[in-house]
Amino acid sequence: MDVKALVPGIVPGRMDKALIEAGFADLHPPLDDHEALVAADRCYFCHDAPCATACPTTIDIPLFIRQIATGTPEAAARTILSQNILGGMCARVCPTETLCEEVCVREVAEGKPVEIGRLQRYATDTLMAADVHPFERDAPTGKRIAVVGAGPAGLACAHRLAMMGHDVVLMDARPKPGGLNEYGIAAYKSTENFAAREVEWLMQIGGIELQSGVALGRDVTLGSLQAEYDAVFLGLGLGGVNALGVEGDDKAGVGDAVSFIADLRQASDLAALPVGRDVVVIGGGMTAVDAALQSKLLGALNVTIVYRRSQERMAASPYEQELAQARGVRIICNASPVAVHGNGSVRELEFEFTADDLAPTGERFRLPADQVFRAIGQTLTGDGLPELEGRKIAVDGTGRTSVPGVWAGGDCASGGDDLTVTAVAEGRDAAEDIHASLMEQANG
Ligand SMILES: Cc1cc2nc3c(=O)[nH]c(=O)nc-3n(C[C@H](O)[C@H](O)[C@H](O)COP(=O)(O)OP(=O)(O)OC[C@H]3O[C@@H](n4cnc5c(N)ncnc54)[C@H](O)[C@@H]3O)c2cc1C
Ligand code: SF4
């Protein structure tokens with residue numbers, strides 16, 4: 001039974017359909033040809049450009065911007081995609097304000113960086129609109145590699161391996177590929193079914209067989225994959241969601257933010273998606289901010305994020321926080337939930353203020369709520385995985401795990417930020433190391 005149907009306050013159609021559609025429109029509309037030339041013209045084409053070093057996939061940013069400035073956006077796209085095959089999605093979702101654009105010389109000098117993300121989108125969109133796939137496969141190596149997880153890490157790994165002449169079987173437990181690009185990224189960042197279109201475009205390289213609905217641990221085991229393939233890459237992401245662990249947290253109306261966002265991303269009609277009147281989101285990361293802002297855009301009247309530490313310590317960037325606040329989301333800091341009240345379904349949430357060291361202060365308050373989202377972190381799920389470091393799969397700098405012949409990357413692997421662009425970098429680098437290792441074995 002659909003739990004949401006049991007909660008009186010969680011209903012569809014809280015706002016006019018046209019207003020909902022306007023709210024979910026493209027966050028950064030694409031640049032037209034003239035705007036792209038003007039934006040490119042602001043680049044100083046720095047030698048040893050700090051932006052390129054700040055990009056986790058080390059795109060040659062001055063080069064691609066120069067290629068745009070000289071009227072060759074397809075060449076610019078090739079420069080981008082040779083380092084980052086999901087350059088189209090990264091252009092939409094990278095927190096550029098804390099990556100490449102943060103260190104742009106013009107940001108430092110004038111407080112206004114070159115719009116690297118939007119220029120990247122201009123170049124990659126131009127190439128994709130021409131339905132061109134700019135890479136070809138090397139001669140077949142005869143090697144078969146299993147890539148488990150078709151999120152950004154798995155896709156980047158699979159594409160690079162296919163380019164180097166290997167045959168790849170890409171498995172994913174979900175019905176659609178793309179990982180959080182398809183099921184997690186905020187809808188206003190990835191409009192017009194971009195995630196699916198990008199995967200389709202990426203697969204044009206050939207040599208990648210997609211097997212959807214195949215789960216490691218249910219349909220295949222690590223042992224069976226090792227026996228059948230020459231190498232295995234795990235890009236499993238973080239499928240589990242942390243529980244609140246407070247009295248009453250099983251009441252109807254309390255759910256996890258990631259599932260809400262996945263439902264939203266898959267909804268064909270956003271106006272038909274139920275949302276509460278008084279929504280409370282617990283957490284301080286990108287997931288919390290996205291769940292809160294998207295609830296507001298669906299028509300929730302009061303949306304409050306409650307975070308246990310100070311606002312400066314929120315994992316969501318200041319830009320993301322401001323985006324939500326500008327749309328009416330309230331952020332309360334230094335408070336932790338202590339109880340969920342209500343008769344069967346949530347009615348109120350009780351919090352206690354916390355000191356900087358998270359110690360409870362004894363001062364409590366309550367917020368009315370008919371819908372509560374947990375966004376307090378995700379966890380790796382699954383048995384029989386390689387050795388863990390903390391709560392993730394332990395890997396070395398090139399993605400090698402404790403099990404010979406098994407690599408891992410992206411959110412499920414130790415080290416790195418949990419960002420799309422980092423997952424792409426780790427998938428790509430693991431593919432390079434898998435290739436080097438297999439070629440060494442073949443030649444040695
Ligand atoms: C709500 C939300 C919003 C975000 N917004 C942004 C953003 O704006 N910008 C940004 O840079 N980052 C953002 N992120 C983070 C970003 O989405 C992740 O860092 C990135 O997707 C990680 O890629 P991945 O390939 O490691 O994992 P995932 O994208 O999670 O993909 C993992 C894939 O593995 C599959 N899988 C899992 N277990 C199994 C199994 N046992 N067998 C087979 N397949 C399996 C899953 O179905 C999934 O398709 C966001 C994350 C969330 C949750
Ligand atoms: S991939 Fe992301 S961080 Fe790298 S240059 Fe592009 S927008 Fe900036």
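Just so you know, these numbers use all the heavy atoms, side chains as well, and skip hydrogens, waters and symmetry mates. This chain uses plain numbering: 1 for the first residue, then up along the sequence. Remember, it's 1-based here, ligands and their atoms both numbered in the order they're listed.
Looking only at side-chain heavy atoms (C-beta outward), I116 and C51 come within less than 4.5 Å of each other. Between I68 and L119 there is a side-chain heavy-atom pair separated by less than 4.5 Å. With a 4.5 Å cut-off on side-chain heavy atoms, F194 and M128 count as touching. For the pair E21/L270, no side-chain contact is recorded, criterion being any heavy-atom separation below 4.5 Å from C-beta on. Looking at I332 and I305, their side chains never come closer than 4.5 Å, going by heavy atoms from C-beta outward. For the pair F24 and L298, the minimum side-chain heavy-atom distance is below 4.5 Å. Residues S310 and N334 have side chains in contact (heavy-atom distance under 4.5 Å, counting atoms from C-beta outward).
The distance criterion of under 3.5 Å between nitrogen or oxygen atoms is met by K189 with respect to ligand 1. By the 3.5 Å distance cut-off applied to N or O atoms, G184 is not counted among the residues near ligand 1. For a threshold of 3.5 Å applied to N or O pairs, the pair formed by V93 and ligand 1 contains at least one separation below that value. Note: no N/O pair closer than 3.5 Å links G154 and ligand 1 by distance alone. Ligand 1 has no N or O atom lying under 3.5 Å from any N or O atom of M171, backbone or side chain. Between D411 and ligand 1, at least one pair of N/O atoms sits closer than 3.5 Å. Taking only nitrogen or oxygen atoms, main chain and side chain alike, D172 reaches within less than 3.5 Å of ligand 1. At least one N or O atom of L216, backbone or side chain, sits closer than 3.5 Å to an N or O atom of ligand 1. Remark: ligand 1 and E320 share no N or O pair separated by less than 3.5 Å (distance only, no angle test).
Against a heavy-atom cut-off of under 4.0 Å, M286 is close to the following atoms of ligand 1: 5 (N), 6 (C), 7 (C), 8 (O), 9 (N), 10 (C), 12 (N), 13 (C). Listed by atom number, the atoms of ligand 1 under 4.0 Å from G410 heavy atoms are 26 (O). Near I261, with a cut-off below 4.0 Å to any heavy atom, the atoms of ligand 1 are 1 (C). Heavy-atom proximity to V214, at under 4.0 Å, picks out these atoms of ligand 1: 42 (N), 43 (C). Ligand 2 places these atoms under 4.0 Å from at least one heavy atom of I61: 5 (S). Which parts of ligand 1 touch D418 is read off a 4.0 Å heavy-atom cut-off, strictly below it: atoms 15 (C), 19 (O). Which parts of ligand 1 touch G237 is read off a 4.0 Å heavy-atom cut-off, strictly below it: atoms 27 (O), 30 (O), 32 (C). Contact atoms of ligand 1 toward G149: 33 (C), 34 (O), 35 (C) (distance under 4.0 Å to a heavy atom of the residue). Interface of T96 with ligand 2, defined as ligand atoms under 4.0 Å from a residue heavy atom, comprises 7 (S). Listed by number with element, the atoms of ligand 1 under 4.0 angstrom from any heavy atom of V148 are 42 (N), 43 (C).
Of the options V289, T420, D290, the smallest heavy-atom separation from atom 12 (N) of ligand 1 is shown by T420. Nearest residue to atom 32 (C) of ligand 1 from G179, G235, S212, A215 is G235 (criterion: closest heavy atom). Distances from atom 4 (Fe) of ligand 2 to the heavy atoms of G87, C100, A52, C55 put C55 nearest.
Backbone or side-chain N, O or S atoms of C90 do not reach atom 8 (Fe) of ligand 2 at under 2.8 Å.
From the protein, the heavy atom lying nearest to atom 6 (Fe) of ligand 2 is Q120 OE1, 2.2 Å. In this structure, atom 21 (O) of ligand 1 lies nearest to the protein heavy atom L180 CB, 3.5 Å. In terms of protein heavy-atom proximity, atom 6 (C) of ligand 1 is nearest to I185 CD1, 3.3 Å. Nearest protein neighbour of atom 44 (N) of ligand 1, counting heavy atoms only, is A173 N, 3.1 Å. The single protein non-hydrogen atom nearest to atom 2 (Fe) of ligand 2 is C94 SG, 2.4 Å, given as residue, atom name and distance. Nearest non-hydrogen protein atom to atom 39 (C) of ligand 1 is L236 CD2, 3.6 Å.
With D433 as the fixed residue, the salt bridge (Lys or Arg N to Asp or Glu O under 4.0 Å) test singles out one of R428, R160, R400: R400. Of the listed residues (R137, K143, R144), just one forms a salt bridge (Lys or Arg N to Asp or Glu O under 4.0 Å) with D167, and that residue is R137.
Side-chain contact annotation: Q83 with T57, donor-acceptor N/O pair under 3.5 Å absent. Remark: the Y122 side chain and the D32 side chain contain no N/O donor-acceptor pair separated by less than 3.5 Å. Counting only N and O atoms by type, the side chains of D219 and Q211 include no donor and acceptor under 3.5 Å apart. Between the side chains of S259 and D256, at least one donor N or O sits under 3.5 Å from an acceptor N or O. For the residue pair E74/Q67, the side-chain donor-acceptor check at 3.5 Å is not satisfied.
Sparse packing is recorded around CD of E136, with 12 or fewer heavy atoms of other residues, nucleotides or ligands lying under 6.0 Å away.
Residue contact check for ligand 1: G382 places no non-hydrogen atom closer than 4.0 Å to it. Distances shorter than 4.0 angstrom occur between a heavy atom of P152 and an atom of ligand 1. Taking a 4.0 Å cut-off on heavy atoms, T422 fails to register as neighbouring ligand 1.
Side-chain atoms of Y307 come within 3.5 Å of backbone N or O of R313 as a donor-acceptor pair.
Contacts between I80 and ligand 2, counted as non-hydrogen atom pairs separated by less than 4.0 Å, are absent for every part of the residue.
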